[in-house]
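Within every chain, numbering begins at 1; the chains are lettered A, B, ... in the order of the sequence lines, protein sequences first and strands thereafter.
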Amino acid sequence: MLAYVIPLCLTLLGLALLLATARLVKGPSLPDRALALDTLYINAITLIILYGIWKGSELFFEVALLIAVLGFVSTVAVAKYMLRGDIIE
Amino acid sequence: MSRLLPHPAQSLLLLLTWLLLVDSIAFGQWLLGGVLAVIIPLACNRLLIEHPHGWKPLKMARFLGMVVVDILIANFQVARLTLGPVKKLRPAFIEVPIDLDNELAISVLVSVVSLTPGSLAADLSLDRRTLLVHGLDVPDPQAMIDELKLRYEAPLKEIFPCSPM
Amino acid sequence: MSLWLEILISALLLLGSGFVLIGSLGLYRLPDFFTRLHGPTKATTLGVGAMVVGSLIFFSAGEKGLSLHELLISLFLFISAPVSAYMLAKAAVLQELPLEPKTRGKPWEQ
């Protein structure tokens with residue numbers, strides 16, 4: 001049963017990635033694009049977890065955790081740049 | 001004791017995080033995690049904010065449980081709003097007066113407001129007395145202010161009893 | 001793996017990807033920045049949560065036994081998502097982004 005469910009979930013997540021990418025391209029403002037990137041990295045985490053289940057490998061956990069940490073830091077850095085015009089004061 | 005472990009809660013959290021990260025409860029990992037849990041809070045002692053005294057972990061756990069249930073239930077409502085017609089949404093900015101005087105309590109309140117669907121903390125005034133909240137679909141702003149204050153602020157006030165500024 | 005376990009995992013995975021899709025759909029179709037912010041910060045966080053629990057059950061049912069480390073991802077996201085949403089909202093307030101005309105109330109002057 002999982003053999004059918006996982007491709008279906010992959011399709012749903014692919015659609016989600018496409019929608020987020022459409023918002024990234026469309027903008028219209030800088031915070032909108034930052035938010036789209038934020039959504040993209042969270043979607044990528046789910047995709048990687050799902051791929052890990054598909055392959056039955058726990059190695060992907062570290063990848064997902066690293067993306068979560070780096071994605072958060074980069075979103076905050078971009079937001080801080082928009083707030084202050086500077087990242088490290 | 002207090003010099004070696006200035007922040008016992010953080011140390012415990014670090015130990016648990018380490019054990020989860022290595023996914024093992026072997027003796028060596030407990031030892032290594034314990035060493036890290038002592039060293040890291042000591043190394044960044046100056047960066048950590050003053051921990052409020054006399055907070056109640058049990059009530060905190062119950063509060064967090066309630067929040068998780070709220071998140072689960074209310075997410076379905078937001079899903080319905082998102083899928084429904086955009087024209088029917090009634091977004092609003094509301095200003096919620098807060099009387100928490102503890103930094104940690106305020107940041108927990110902001111996180112909880114942002115995580116519970118339908119509301120999003122957008123800004124905190126400079127004197128930390130007013131929180132600007134954006135609601136996705138607000139029929140009655142005053143009712144929403146009352147609900148936020150009653151449901152989330154009142155328990156937090158009990159968990160972090162008034163602390164010196 | 002028993003059938004019931006497989007059904008449970010499948011339901012969690014479907015729920016997770018459904019919520020992630022709804023969050024991204026909200027990001028795409030809602031009218032202004034602040035309403036868009038609602039989709040990704042919540043639906044997506046819950047979507048990742050459901051996915052993580054599904055993965056947790058899947059690997060715990062395997063030969064290695066109980067493994068809880070996936071919870072870290074979810075825990076981290078639950079802590080970090082409000083912070084990044086707050087920062088982005090603050091940036092948007094500062095830039096005075098256009099609001100949906102029906103919005104009542106407005107952000108205060110900085």
message: Given C:Leu88, which partner from the list A:Leu35, A:Leu30, A:Val76 fulfils the side-chain contact (heavy atoms from CB on, under 4.5 Å) test?
response: A:Leu35
Could you tell me which portion of [X] (side chain, backbone, both or neither) has an atom closer than 4.5 angstrom to a non-hydrogen atom of chain A?
X       : value
C:Phe58 : side chain
C:Leu37 : both
C:Leu13 : both

Tell me, for [X] versus chain C, whether the close heavy atoms (under 4.5 Å) come from the side chain, the backbone, both or neither.
X       : result
A:Phe60 : neither
A:Leu47 : neither
A:Ile6  : side chain
A:Ser74 : neither

Non-hydrogen side-chain atoms of [X] and [Y] separated by less than 4.5 Å:
X       : Y       : answer
A:Met82 : C:Leu94 : no
C:Met51 : A:Ile48 : no
A:Thr75 : C:Met87 : no

statement: C:Ser24 and A:Thr39 have their tightest heavy-atom pair at OG-CG2, 3.9 Å
Non-hydrogen atoms of A:Leu65 and C:Ile73 that approach each other most closely: CD1-CG1, 3.7 Å
task: Hey, can you tell me if C:Phe76 and A:Phe72 have their rings parallel, tilted or perpendicular (30° and 60° cut-offs)?
output: perpendicular
